[in-house]
Amino acid sequence: VWPESESFSDEEMGPIPSKWKGICQNNTKDGVPCNRKLIGARYFNKGYKAVAGSQSNASFESARDSDGHGTHTLSTAGGNFVPGANVFGMGNGTAKGGSPKARVAAYKVCWPPVNGNECFDADIIAGFDAAIHDGVDVLSVSLGGDPVDYFKDAISIGSFHAFKKGIVVVSSAGNSGPKAGTVSNISPWMLTVGASTMDREFPTYVALGNKQHFKGQSLSPVGLPAQKFYSLISSIDAKASNGLALGAQLCKNGTLDPKKVKGKIVVCFNEGYGSVAKGQQAALAGAVGMILADIEFAGNGIFAEADVLPTSHINYTDGVAVIKYIYSTKLPMAYMTRARTQLDTKPAPFMAAFSSKGPNTITPGILKPDITAPGVSVIAAYTQATSPTGQKFDKRRVLFNSVSGTSMSCPHISGIAGLLKTIHPDWSPSAIKSAIMTTARTRDNDAQPMLNASYQKATPFSYGAGHVWPNRAMDPGLVYDLTTNDYLNFLCSLGYNGTQILMFSDGPYKCPKSYSLLNFNYPSITVPSLSGSVTVTRTVRNVGSPGTYKAVIHRPKGISMLVKPNILTFSKAGEEKTFEVTLKVKKAGSTDYVFGTLTWTDGKHQVRSPIVVKPAHG
């Protein structure tokens with residue numbers, strides 16, 4: 001965390017709650033000085049130092065933020081109100097976290113990479129232990145690796161123990177999309193968050209000499225030197241005599257010939273290698289601007305970055321059109337508008353291309369991610385230890401930065417969970433999770449089904465239950481709850497032995513003789529191999545006023561669906577009712593996953609669960 005950020009100001013904050021047992025480790029000006037807002041800051045590096053050895057140094061003895069990630073995510077979850085927040089004048093407004101009046105604490109468990117690893121299990125577990133001891137209410141975990149079995153995963157084990165103490169744990173789905181089966185942090189006791197867009201963009205428009213126009217994105221604070229068309233050149237044609245064609249295509253260090261580039265707009269191609277660094281190479285070669293064309297992904301995978309020269313990030317399709325134009329004329333010309341802030345953009349939200357997707361490869365019967373939230377071009381507080389781009393050549397510093405990733409969407413949900421804890425202090429973490437999931441929306445601001453970044457209809461494998469709708473989550477009507485024993489029974493159903501379960505339980509746990517994952521009271525229903533028919537049991541608890549709920553079903557294609565009973569009447573708050581859902585393959589056909597919904601409604605509340613089914617036989 002960067003403690004000096006205004007997002008962590010304790011102005012108008014009362015005394016630190018007496019229940020708080022946390023500390024500020026290295027509570028000095030050079031370490032992390034705390035206040036009545038930022039009430040905890042600890043660091044955990046024993047696992048890291050055991051591997052890094054002499055590579056670790058005194059700078060690793062502090063929770064101070066050296067790269068911006070922790071400050072950005074913590075201020076998104078619980079940052080105080082800061083008027084006039086912006087990035088180079090763009091996106092100007094009042095910044096606030098999801099729970100702006102919450103106390104916040106930082107637990108630093110990740111360090112510079114060693115042997116390809118930044119976050120070691122020993123340090124992650126130590127961080128969870130400390131947070132549980134200190135008395136946190138919500139844990140926002142914007143980190144993760146490849147999906148692995150629960151008993152091999154520090155985040156799964158740590159978050160289970162946090163759950164037992166009533167702590168809501170929220171985690172990132174991962175940034176390995178749009179490939180299927182990439183979602184991580186798949187434990188059912190965590191809320192796993194995908195990333196989608198919001199209705200704000202930072203557009204910059206490209207105009208070609210043939211009158212074609214394309215919309216790109218950028219946060220570059222500078223515009224072209226003059227309002228005129230400039231010569232346009234492809235980076236491949238701008239290759240230095242000693243450079244490799246691929247290196248020039250990606251505008252890598254020293255691959256562009258200044259004689260060919262000077263005074264022109266250069267088209268570079270985006271693949272892996274940092275986009276801002278490409279702009280720096282273009283600028284060093286004398287370019288006046290850069291068009292950055294995505295060659296990795298054919299959909300809308302672009303987002304704004306703090307470019308160092310006038311830049312427009314454009315998608316694959318538009319990039320192809322620009323290249324075709326360059327080779328269709330002797331004197332290709334182009335102009336780019338300066339980046340600006342545009343609100344109320346449509347359609348929004350849509351899924352981010354990078355957001356990791358289901359199906360869940362460890363337990364296919366649990367839908368992951370659970371929910372999606374804003375994770376593209378999110379503006380939040382930032383460190384002063386590095387530039388907005390993280391590049392050493394970039395000497396700029398910003399108080400707020402725009403960053404994209406499921407690391408950014410995760411704390412949106414954490415902040416909402418904090419508000420729900422305040423409104424409903426008696427709700428369990430599972431009830432809070434259910435409220436967030438069952439009230440989510442799956443349509444965009446055009447009232448159309450939410451899209452993925454390939455402009456196709458997104459599925460629950462991208463968004464889980466949908467895009468979060470915070471105000472509706474305050475009053476969900478009904479909730480699907482789960483206890484510690486339910487989660488231990490879940491592990492039993494996977495065939496875990498006593499030794500493995502001891503990592504999660506407080507002592508030896510006797511598994512029930514028979515327990516089916518089909519009856520695990522999750523807010524979504526997934527049947528990954530449906531042969532014939534199957535009956536699923538769920539129980540809902542009324543957390544609203546008395547009322548009668550009717551089942552509204554949207555059947556997955558090729559699947560019949562029967563809900564029994566299809567009317568639930570509640571005479572008081574706290575009352576529980578159990579129902580069954582029978583799913584049956586109507587006729588042999590596709591074995592692809594199909595999707596539907598079950599919604600319980602009393603006319604006021606819509607308690608919606610995604611239904612995910614994969615027929616076993618064609």
Side-chain angles (χ1 to χ4, degrees), residues 91 93 98 173 177-178 193-203 215 217 299-303 315 317 341-355 357-358 367 369-378 404 406 408-409 412-413 416 434-478 523-525 549-557 559 561 593-612:
V193 191
S196 33
T197 63
M198 60 183 95
D199 58 350
R200 180 187 65 201
E201 294 178 358
F202 302 101
K215 185 173 83 167
Q217 304 282 337
N300 189 4
I302 60 172
F303 46 87
N315 66 26
T317 306
T341 306
Q342 185 178 353
L343 304 178
D344 303 317
T345 58
K346 291 186 176 185
F350 62 82
M351 295 305 304
F354 58 76
S355 188
K357 291 171 60 176
L367 175 64
D370 294 304
I371 195 80
T372 187
V376 177
S377 299
V378 175
S404 300
T406 54
M408 284 67 242
S409 57
H412 280 80
I413 299 296
I416 293 162
S434 174
I436 289 172
M437 288 176 65
T438 60
T439 56
R441 61 182 181 178
T442 58
R443 290 187 177 267
D444 60 27
N445 56 2
D446 276 329
Q448 297 299 312
M450 207 158 79
L451 302 175
N452 61 26
S454 298
Y455 309 105
Q456 297 170 330
K457 184 179 174 181
T459 75
F461 285 150
S462 290
Y463 55 64
H467 189 92
V468 65
W469 194 335
N471 288 0
R472 278 185 58 178
M474 286 192 298
D475 180 22
L478 308 175
S524 55
I525 295 173
Y549 285 79
K550 294 181 180 180
V552 178
I553 59 175
H554 290 274
R555 297 174 181 83
K557 187 177 180 181
I559 306 294
M561 189 169 154
Y593 275 100
V594 285
F595 308 94
T597 58
L598 164 63
T599 306
W600 289 101
T601 180
D602 63 350
K604 177 187 175 185
H605 304 93
Q606 308 281 329
V607 189
R608 194 173 53 80
S609 293
I611 310 288
V612 180

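Throughout, residue positions are numbered sequentially from 1 according to the sequence presented.
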task: State, to 0.1 Å, how close Val376 and Ala352 come at their nearest heavy-atom pair, and which atoms those are.
output: CG2-CB, 3.7 Å
Which atom of Ala195 lies closest to which atom of Phe354, heavy atoms considered: CB-CE1, 3.6 Å
- prompt: Any sub-3.5 Å donor-acceptor pair from Thr438's side-chain atoms to Val607's backbone N or O?
  reply: no
message: Between Thr459 (side chain only) and Phe461 (backbone N and O only), is there a donor and an acceptor less than 3.5 Å apart?
response: yes
- request: Using a 4.5 Å cut-off on heavy atoms from C-beta on, say whether the side chain of Thr372 contacts that of Pro349.
  value: no
Thr345 backbone acceptor or donor facing Asn445 side chain under 3.5 Å: yes
field: Distance in Å, Thr439 OG1 paired with Arg608 CZ, rounded so as to fall on 0.5 Å steps
entry: 9.0 Å
field: From OH (Tyr455) to CG (Asn315), nearest 0.5 Å
entry: 4.5 Å
task: Using modelled atom types only, decide if a donor and an acceptor are shared between the side chain of Ser609 and the backbone of Pro523 within a distance under 3.5 Å.
output: yes
message: Between Lys215 and Glu201, does the side-chain contact (heavy atoms from CB on, under 4.5 Å) criterion hold? Intermediate values first, please.
response: CA-CA 11 Å; Lys215 185 173 83 167; Glu201 294 178 358; 2.7 Å; yes
- prompt: How long is the gap from CG on Asp199 to CZ on Phe350, to the nearest 0.5 Å?
  reply: 11.5 Å
Sidechain-backbone polar pair: Gln606 side chain, Thr601 backbone, donor-acceptor under 3.5 Å: no
query: Shortest non-hydrogen contact from Phe595 to Pro460?
result: CD2-CD, 3.4 Å
- prompt: Out of curiosity, Arg200 CZ to Asp344 CG, how far, rounded to the nearest 0.5 Å?
  reply: 12.0 Å
field: Closest non-hydrogen atom pair between Pro374 and Met198, with its separation
entry: CB-CE, 4.0 Å
- prompt: How far apart are the closest heavy atoms of Val594 and Pro556, and which atoms are they?
  reply: CG2-CB, 3.6 Å
- prompt: If we only count heavy atoms from C-beta on, is the Ile436 to Trp469 side-chain gap below 4.5 Å?
  reply: no
message: Strictly distance-based, threshold 3.5 Å: is any side-chain N or O of Ser377 a donor or acceptor partner for the main-chain N or O of Phe303?
response: no
query: Are any of the side-chain heavy atoms of His605 and Asp475 separated by less than 4.5 Å?
result: yes
query: So do Met561 and Ile611 actually touch side chain to side chain, heavy atoms under 4.5 Å?
result: yes
query: Does the Asn452 side chain pair with the main chain of Met351, one donor and one acceptor, at a distance under 3.5 Å?
result: no
- prompt: Hey, are the side chains of Ser196 and Tyr463 touching, using non-hydrogen atoms and a 4.5 Å cut-off?
  reply: no
Euclidean distance, Ser462 OG relative to Lys457 NZ, rounded to 0.5 Å: 12.5 Å
query: For the atom pair CE (Met437) and OG (Ser524), what is the distance rounded to the nearest 0.5 Å?
result: 4.5 Å
- prompt: Side-chain contact, heavy-atom cut-off 4.5 Å: Arg443 with Pro449?
  reply: yes
- line: For Gly466 and Ile371 the tightest heavy-atom approach is O-CD1, 3.3 Å
